[in-house]
Amino acid sequence: MINITLPDGTIKQYNKGVTANEIALSISEGLARNVLAAMVNEQTVESSRPIETDAHVRLLTWNDPEGKNVFWHTSAHLMAEAIEQLYPGVKFGIGPCIETGFYYDIDFLDYNISSDDFKRIEDKMAEIVASKQAVVRREVSKQEALDYFTKKGDEYKLELIQDLEDGKITFYDSGTFTDLCRGPHLTSMAPIKAIKLLSLAGAYWRGDEKRKQLTRIYAVTFPKKKELDEYLLLLEEAKKRDHRKIGKELELFTFSQKVGAGLPIWLPKGAALRERLENFLKKVQKTYGYQQVICPHIGNVDLYKTSGHYQKYGQDSFRPISTPQEGEEFFLKPMNCPHHCEIYASKPRSYKDLPLRIAEFGTVYRYEQSGELHGLTRVRGFTQDDAHIFCTSEQLEEEFCKVIDIVLYIFKTLDFKEYIAQVSLRDPNNKEKYIGTDENWQKAENAIMKAAKERNLNTVVEIGEAAFYGPKLDFMVKDAIGRKWQLGTIQVDYNLPERFGLEYIGSDNEKHRPIMIHRAPFGSMERFVAVLIEHTGGNFPLWLTPEQAVILPISEKYHDYAKYVETLLSEKDVRVSIDERGEKTGKKIRDAEMRKVPYMLIVGEKEQNDKTVSVRQHGQIDVGVMSIDDFANFIAEHVQSSLKKD
RNA sequence: GCCGUUGUAGCUCAGUGGUAGAGCACUUCCUUGGUAAGGAAGAGGUCACGAGUUCAACUCUCGUCAACGGCUCCA
């Protein structure tokens, strides 16, 4: 007998060689039906794997992320099997599960697969599922593995096997398909009830652009059709919230081929919205002792040689521009920090000047590969809500914490309820990627970890994700439909002050080197507005929205009254307009709803006589009649309360 | 940058080797209306751009640019 410890701490005795399936069955039949795999001593295994010694066992179902992973991983094999049957001779790369679903990278040789093939493949997959075939794990020797794929002629699998250690190689057989795989897998394809192939993409073999590009097929599967339908609905919802679509509809921004790819043009409504965001942040920063500065959009090449950016990114930047007479070279500013270092260096500094907090909505230009450009989230010209804090090492942690406070306040004000803070550290095995001394890196990394702990942040640590000059803390938010977006960043930097020779005179009358914090709570205005659009679906908070209310006169007879209302409201800073078209009220309401205007003020005979407006709220029905003043006050209070700091 | 797909009116999209169509939006007229589309008429396009094939190209071929889905990258 062996002792099996379950997650709730209970210990049960079973015969040696018991399987997770049997354990589940001993608890309940329902559980047994739903078990997909098991976690045995922190290792996921098949639910059919015999357990030979005392162990901690967690049964994995669809409700566990690990259970989903196994489900999707097996689904990838299912898809491969179907594809192999339909397109004999194709070669397989890798087929892992991903956050939602899975993909398989496949070399289709001469065949040009398209999404028209999806239906066939889905049908074939369903057919295989219906045959209820088992998925069987088998250990093979390295030679056996090599022989199998040599015979099959799959050089990708052979390459994978080369890197594996003999004695640790497993194959999984399912129906006609055998795959090299670490596993674990479902013991049968039967639970895979709903299948959807999603998209095709090219993907380099082993992520190396010099190697062959395979065809990647993304797909997702579920144990219930209903869940697939829900997922497809979520995709639809995401499509509706696409900031590129909404940005166009609400006339916030546009792109022009003539202006150039990746160079967003802010239209009046978008520019006004962005300006409100900037003013909001400026106001917050003022209370935290920041000073605004303005720098030019270009900087001498030497500036970036000093900062180290030239050596690191010079080749991947827009080519320098040069003066016609002297041939002096300038780069379009790719970041603001070197300029800000020069602001620091513009006069001698005393410890009494520190911390010095320099802020700028600085527009920067970076060459992004053409295939990378994407709406407002990935562009070649964008404005950072940037600031650099120069401080002493004693001040570092407190300053860092204050920045965290600003970030969290912004998230709260803009209704991002969930966030994760990612601490990005240097990869200690790859030090040549970074500049600066070990000692400084150590200090910087410690400071970040300490501050994150101090503010009790929900953090994850990523090794090797640091900027080349220092570690950072990045904030990811979850939007209204659960998608994650990276926004603000805070970075500690010991290196730039050194490269720029920045100093201050301490209380000891000696020269010292300040430490720099780079930070951008929004990240960039472009990206932030994009995320805000996707988060709100274009229904911006009242204080931000381009148009807070629209007046809808019932007929032409009330246009004068409508103008009267407009004047009164405008005087009280309500952003309002009149729909004076000769359309019926129903039509005007429909259009205002589509434009996502928060309030519609319907005015006709009654309202004119009583000096009131009939208020309708976006997405709702009639919310009652108010006096003009009451409505103005209502808007003002609403705006104030959403910006209140508590 | 790479692979694949796409590019037709302001927007969403049909369409064909013989020089273009719908709906919405727009303009004008009729209608003066009470909480999600009243009616009619009109205007609007070098069919992304450049070459080539052809008697003839929006359509076929090649190139360029851009967008989209990914890959690689991201100070």
Side-chain angles (χ1 to χ4, degrees), chain A residues 103 105 108 112-116 198-218 242 244-245 248-249 251 254-262 304 307-314 316-317 331 333-338 364-375 377-380 384 386 434-435 465-470 472 486 489 491 493 496 518 520 527 552-559 581-595 600-607 614-625:
Chain A
Y103 65 80
D105 284 348
F108 276 93
N112 225 337
I113 188 139
S114 80
S115 52
D116 298 339
L198 296 171
S199 62
L200 285 174
Y204 301 112
W205 171 235
R206 309 202 109 177
D208 182 347
E209 62 182 309
K210 291 183 189 67
R211 308 199 60 179
K212 179 153 185 183
Q213 193 153 34
L214 308 180
T215 303
R216 175 169 298 179
I217 303 183
Y218 285 91
D242 191 319
R244 294 165 300 187
K245 179 173 168 277
K248 194 183 271 176
E249 284 167 1
E251 297 176 6
T254 189
F255 289 90
S256 147
Q257 256 191 59
K258 280 206 182 103
V259 171
Y304 304 106
S307 71
H309 291 99
Y310 180 84
Q311 295 81 333
K312 182 85 181 169
Y313 293 106
D316 300 319
S317 296
F331 268 116
K333 178 169 74 170
M335 79 292 300
N336 303 299
C337 30
V364 298
Y365 302 89
R366 296 177 183 177
Y367 172 73
E368 303 287 356
Q369 297 185 60
S370 57
E372 273 317 317
L373 304 173
H374 180 93
T377 60
R378 195 76 188 269
V379 290
R380 285 176 172 166
Q384 295 178 311
D386 211 356
Y434 310 92
I435 58 174
E465 292 293 309
F468 76 95
Y469 52 75
K472 56 182 183 171
Q486 195 192 314
T489 178
Q491 310 174 357
D493 185 356
L496 271 192
H518 307 242
R527 190 178 166 79
L552 310 180
I554 295 287
S555 85
E556 230 169 62
K557 282 188 276 185
Y558 311 108
H559 280 190
R581 293 173 307 163
E583 299 288 351
K584 286 192 171 178
T585 312
K587 170 74 167 159
K588 291 181 181 177
I589 287 172
R590 179 184 150 83
D591 289 347
E593 287 284 353
M594 306 268 274
R595 273 161 46 225
M600 285 148 273
L601 308 177
I602 292 138
V603 296
E605 174 119 39
K606 270 190 302 199
E607 291 78 9
S614 175
V615 182
R616 179 188 165 112
Q617 194 174 348
H618 172 64
Q620 296 179 34
I621 44 159
D622 195 353
V623 294
V625 175

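FYI, side chains are in, hydrogens and waters are out, and symmetry mates aren't considered; it's all heavy atoms of this structure. The chains referred to below are lettered A, B, ... by the order of the sequence lines, with proteins before strands, and numbering in each begins at 1.
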- Message: side chain to side chain donor-acceptor pair (under 3.5 Å) for A:H518 and A:D493? Distances and angles first, verdict last.
- Response: CA-CA 7 Å; A:H518 307 242; A:D493 185 356; 2.8 Å; yes
- Query: What do the steps show when you test A:D316 against A:R366 for salt bridge (Lys or Arg N to Asp or Glu O under 4.0 Å), and what is the final call?
  - Reply: CA-CA 8 Å; A:D316 300 319; A:R366 296 177 183 177; over 6 Å; no
- Message: I'd like to know whether A:Y558 forms a side chain to side chain donor-acceptor pair (under 3.5 Å) with A:E607, so could you lay out the CA-CA distance, the side-chain angles of the two residues, the decisive distance to 0.1 Å, and finally the verdict.
- Response: CA-CA 9 Å; A:Y558 311 108; A:E607 291 78 9; over 6 Å; no
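Nucleotides B:A48 and B:A43 have their P atoms positioned 24 Å apart, rounded to a whole Å. Spacing of P atoms, B:G45 relative to B:U8, comes out at 15 Å, to the nearest Å. The separation of B:A51 from B:A14, taken at their P atoms, amounts to 29 Å, rounded to a whole angstrom.
The base of B:C71 has none of its N or O atoms less than 3.5 Å from a complementary donor or acceptor on the side chain of A:R206. A donor-acceptor contact under 3.5 Å links the side chain of A:R616 to the base of B:A36. Checked by distance alone, A:Y204 brings a side-chain donor or acceptor within 3.5 Å of a matching partner on the base of B:G1. Counting atom types as modelled, A:R378 pairs a side-chain N or O with a base atom of B:C74 as donor and acceptor under 3.5 Å.
In this structure, A:Y304 and A:M335 have side chains that are in contact, with non-hydrogen atoms separated by less than 4.5 Å. A:V625 has its side chain out of reach of A:V615: every pair of non-hydrogen atoms, C-beta onward, lies at least 4.5 Å apart. Looking at heavy atoms from C-beta onward, A:T254 lies out of side-chain contact with A:K248 at the 4.5 angstrom threshold.
Contact check, A:S199 against B:G70: no side-chain N or O comes under 4.0 Å of OP1 or OP2. Side-chain nitrogen and oxygen atoms of A:Y218 include at least one within less than 4.0 Å of the OP1 or OP2 phosphate oxygen of B:C71. For A:K587 and B:A25, the shortest distance from a side-chain N or O to OP1 or OP2 is below 4.0 Å. Taking only side-chain nitrogens and oxygens, A:Y367 comes nearer than 4.0 Å to OP1 or OP2 of B:G1. Residue A:K588 places no side-chain N or O under 4.0 Å from the OP1 or OP2 atom of B:G33. OP1 or OP2 of B:C11 has not a single side-chain nitrogen or oxygen of A:R244 nearer than 4.0 Å. Between A:R581 and B:C26 there is a side-chain polar atom (N or O) within less than 4.0 angstrom of OP1 or OP2.
Partner of A:P553 under the side-chain contact (heavy atoms from CB on, under 4.5 Å) criterion, chosen from A:L601, A:I602, A:V603: A:V603. Here the rule is side-chain contact (heavy atoms from CB on, under 4.5 Å) with A:H309, and of A:S317, A:C337, A:P334 only A:C337 fits it.
Here the nucleotide nearest the side chain of A:R366, chosen from B:G69, B:A75, B:A66, is B:A75. The side chain of A:K606 lies closest to B:G34 when the candidates are B:G34, B:A36, B:A75. Checking B:C73, B:A75, B:G1 against the side-chain heavy atoms of A:E368 singles out B:C73 as nearest. Considering only side-chain atoms of A:R590, the nucleotide from B:U32, B:A36, B:U12 that sits closest is B:A36. Taking the side chain of A:D622 as heavy atoms from C-beta on, and the options B:U35, B:G33, B:C68, the nearest nucleotide is B:U35. The listed nucleotides are B:G34, B:A36, B:A75; the one nearest the side chain of A:S317 is B:A75. Of the candidates B:G33, B:U35, B:A66, B:A66 carries the atom nearest the A:Q257 side chain, counting heavy atoms from C-beta on. In this structure, of B:G34, B:U32, B:A36, it is B:A36 that holds the atom nearest to the side chain of A:I589. Nearest to the side chain of A:Q213, among B:C68, B:G33, B:C3, sits B:C3.
Comparing A:G262 and A:I554 against RNA chain B, the residue whose closest nucleotide sits nearer the 5' end is A:I554. Of the residues near RNA chain B, A:Q620 and A:G371, the one whose nearest nucleotide (by heavy atom distance) lies more toward the 5' end is A:G371.
For A:F468 and B:A75, the ring-to-base geometry does not satisfy the stacking test (centroid distance below 5.5 Å, interplanar angle below 30°).
Note on A:E605: a base of the nucleic acid sits closer than 4.0 angstrom, heavy atoms only. Within 4.0 Å (heavy atoms only), A:I621 reaches no atom of the nucleic acid at all. In this structure, A:E607 reaches the bases: a heavy-atom distance under 4.0 Å links it to at least one base atom across the strands shown. Residue A:S614 is classed as a base contact, given a heavy-atom separation below 4.0 Å to a base. Within the 4.0 angstrom heavy-atom criterion, only backbone atoms of the sugar-phosphate kind lie near A:L373; the bases stay farther away. Using a 4.0 Å heavy-atom cutoff across all strands shown, A:H374 reaches sugar-phosphate atoms only and no base atom.
For A:F468 and A:Y313, the distance between ring centers is under 6.0 angstrom.
Both tests hold for A:R216 against A:Y103: distance to the six-membered ring centre under 6.0 Å, angle to the ring axis within 45°.
Taken together, the paired segments of RNA chain B that extend over three or more consecutive Watson-Crick or G-U pairs, each closer than 3.5 Å at both contacts, are B:1-7 with B:65-71, B:10-13 with B:21-24, B:26-30 with B:38-42, B:48-52 with B:60-64.
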